[in-house]
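Below is one structure, written out as structure tokens; comments come after it.
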Amino acid sequence: MKNSISVMKYIFCIIGLVIWVQVFYIYQQDRVFIEKANVVSGTVLSNSTNDRTFVSFVTKEGRQIKFSSNTGNNPSGYNEGESVEVLYDPENPNNASINDFYTQYLGVSVLGFLGAVFFLTGFSFFLSNHSKQRKIEFLQQSGTCITTKFIDVQIDLGVSLNDSNPYFICTEWLDPKTNKIHLFESDNIWFDPTEFIKTDEINVLIDRNNPNKYVMDVSFLPLE
């Protein structure tokens with residue numbers, strides 16, 4: 001299961017990057033179209049049942065063209081007979097669109113946002129792993145190893161992957177200096193570790209200045 005999560009972070013990042021490449025390609029195509037397009041005034045004819053707006057305009061050469069918007073919106077935002085700005089390809093006047101943000105950029109914006117969601121989700125796994133590794137290295141160099149008492153194994157119901165939930169080990173330790181009990185939890189474990197816990201004592205590395213910064217030693221468990 002751990003390997004599945006490791007693979008997923010790459011998949012999410014790749015999907016996000018692929019979407020961004022598509023967004024860039026579409027944006028470049030739209031930019032080329034806008035730069036060479038002629039701008040004229042058109043008239044809204046009606047709105048179809050699929051929420052597309054029908055528009056009529058006359059090219060600079062006097063040719064009348066009718067087209068429907070590439071995207072649908074309910075309500076369309078335009079009334080019948082309303083004047084709108086139209087962009088059209090002078091080499092192919094049937095290739096035309098309404099010149100507004102919704103038509104020109106909304107689709108690209110939504111696609112770009114979707115790409116960002118995928119990429120940032122995957123990237124967050126990398127950041128989490130990097131942060132966790134730095135904490136472990138710090139505690140290995142400057143931390144203090146304490147012996148904690150095993151309490152139980154619990155299921156993390158807040159995390160789910162393929163309808164499975166990870167487990168975590170709970171321990172406690174009484175600080176002899178402050179007479180305060182501290183509770184510790186292991187990182188998520190994607191199998192039930194109960195049968196592999198043969199002792200009531202489990203080592204935990206802590207930062208003496210901040211016992212809330214710790215890492216539990218679960219090296220006694222088999223590799224996931």
Side-chain angles (χ1 to χ4, degrees), residues 1-24 109-224:
M1 188 67 69
K2 186 175 181 180
N3 290 335
S4 298
I5 295 177
S6 181
V7 170
M8 281 180 61
K9 65 185 179 183
Y10 289 99
I11 293 176
F12 272 81
C13 284
I14 291 172
I15 291 176
L17 290 174
V18 169
I19 292 176
W20 276 345
V21 169
Q22 291 179 323
V23 168
F24 179 76
S109 299
V110 171
L111 198 59
F113 175 77
L114 183 62
V117 170
F118 274 98
F119 181 81
L120 293 177
T121 299
F123 190 65
S124 66
F125 284 106
F126 284 100
L127 289 180
S128 176
N129 290 341
H130 178 69
S131 176
K132 185 184 300 182
Q133 187 59 39
R134 286 189 62 184
K135 182 179 73 172
I136 292 174
E137 291 174 355
F138 169 78
L139 292 175
Q140 287 175 338
Q141 295 174 2
S142 308
T144 300
C145 183
I146 61 173
T147 300
T148 65
K149 181 182 178 182
F150 170 69
I151 300 176
D152 61 6
V153 172
Q154 297 184 19
I155 298 177
D156 188 350
L157 298 177
V159 178
S160 177
L161 181 64
N162 295 331
D163 295 327
S164 298
N165 302 99
Y167 298 81
F168 59 92
I169 300 171
C170 299
T171 67
E172 66 179 11
W173 171 68
L174 176 64
D175 188 339
K177 291 184 177 180
T178 63
N179 203 36
K180 179 180 179 181
I181 293 179
H182 295 271
L183 300 177
F184 302 97
E185 297 177 356
S186 70
D187 290 334
N188 283 336
I189 304 166
W190 289 95
F191 62 88
D192 188 348
T194 303
E195 64 177 299
F196 301 102
I197 302 175
K198 307 297 184 181
T199 176
D200 287 338
E201 296 182 343
I202 296 179
N203 291 334
V204 174
L205 278 172
I206 67 169
D207 181 347
R208 270 294 182 178
N209 298 321
N210 181 14
N212 290 323
K213 182 182 293 185
Y214 66 88
V215 60
M216 187 178 296
D217 180 8
V218 293
S219 58
F220 58 87
L221 296 177
L223 296 177
E224 298 180 46

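- The CD1 atom of Ile15 sits 15.0 Å away from the OH atom of Tyr10 when rounded to the nearest 0.5 Å.
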- Derivation of the side-chain contact (heavy atoms from CB on, under 4.5 Å) call for Phe119 and Ile19: CA-CA 9 Å; Phe119 181 81; Ile19 292 176; over 6 Å; no
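- The distance from atom CD of Glu185 to atom CG of Asp187, rounded to the nearest 0.5 Å, is 10.0 Å.
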- Message: Evaluate Phe138 against Val215 for side-chain contact (heavy atoms from CB on, under 4.5 Å), listing each step before the verdict.
- Response: CA-CA 10 Å; Phe138 169 78; Val215 60; over 6 Å; no
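- With a 6.0 Å radius and a threshold of 12 heavy atoms from other residues, nucleotides or ligands, Phe196 has its CZ atom above the threshold.
- For Phe150, the CZ atom counts as densely surrounded, since its 6.0 Å shell holds more than 12 non-hydrogen atoms of other residues, nucleotides or ligands.
- Between Leu221 and Pro193, the shortest heavy-atom distance links the atoms CD2-CB, 3.7 Å.
- Distance check, rounded to the nearest 0.5 Å: CD1 of Ile169 to CG of Asn188 gives 11.0 Å.
- A ring-ring contact (aromatic ring centres under 6.0 Å, His included) check over residues 203-222, counting only residues at least two apart or in different chains, returns the pairs Phe184-Tyr214.
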- Given Asp156 and Asn165, is the side-chain contact (heavy atoms from CB on, under 4.5 Å) satisfied, shown in steps? CA-CA 6 Å; Asp156 188 350; Asn165 302 99; 5.7 Å; no
Side chains of residues 124-133: which donor-acceptor partners sit under 3.5 Å, not counting sequence neighbours?
residue	atom	partner	partner atom	Å
Ser124	OG	Leu120	O	3.4
Ser124	OG	Thr121	O	2.5
Asn129	ND2	Phe125	O	3.3

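- When all heavy atoms are compared, the tightest approach of Gly143 to Leu205 is C-CD2, 4.5 Å.
- The distance from the OG atom of Ser186 to the CD1 atom of Ile202 is 8.0 Å, given to the nearest 0.5 Å.
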From CA spacing to verdict: side-chain contact (heavy atoms from CB on, under 4.5 Å), Leu139, Ile206:
CA-CA 7 Å; Leu139 292 175; Ile206 67 169; 5.8 Å; no
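- Contacts of Tyr167 classified as ring pair (Phe, Tyr, Trp, His ring centres under 6.0 Å), with partners at least two apart in sequence or in another chain: none.
- Taking each heavy atom of Gly122 and Cys13 in turn, the nearest pair found is C-SG, 3.5 Å.
- The distance from the CG atom of Asp152 to the CD1 atom of Ile197 is 9.0 Å, given to the nearest 0.5 Å.
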With a 3.5 Å cut-off and sequence neighbours excluded, list the donor-acceptor pairs that the side chains of residues 171-179 form with protein atoms.
residue	atom	partner	partner atom	Å
Thr171	OG1	Thr148	OG1	3.0
Asp175	OD1	Lys177	N	3.0
Thr178	OG1	Lys180	N	3.3

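- Atom CD1 of Ile151 sits about 6.0 Å away from atom SG of Cys170, to the nearest 0.5 Å.
- Under the ring pair (Phe, Tyr, Trp, His ring centres under 6.0 Å) criterion, Phe12 pairs with Phe118, not counting sequence neighbours.
- Scanning for side-chain contact (heavy atoms from CB on, under 4.5 Å) contacts around Glu201 gives Thr147, Thr199, with sequence neighbours left out.
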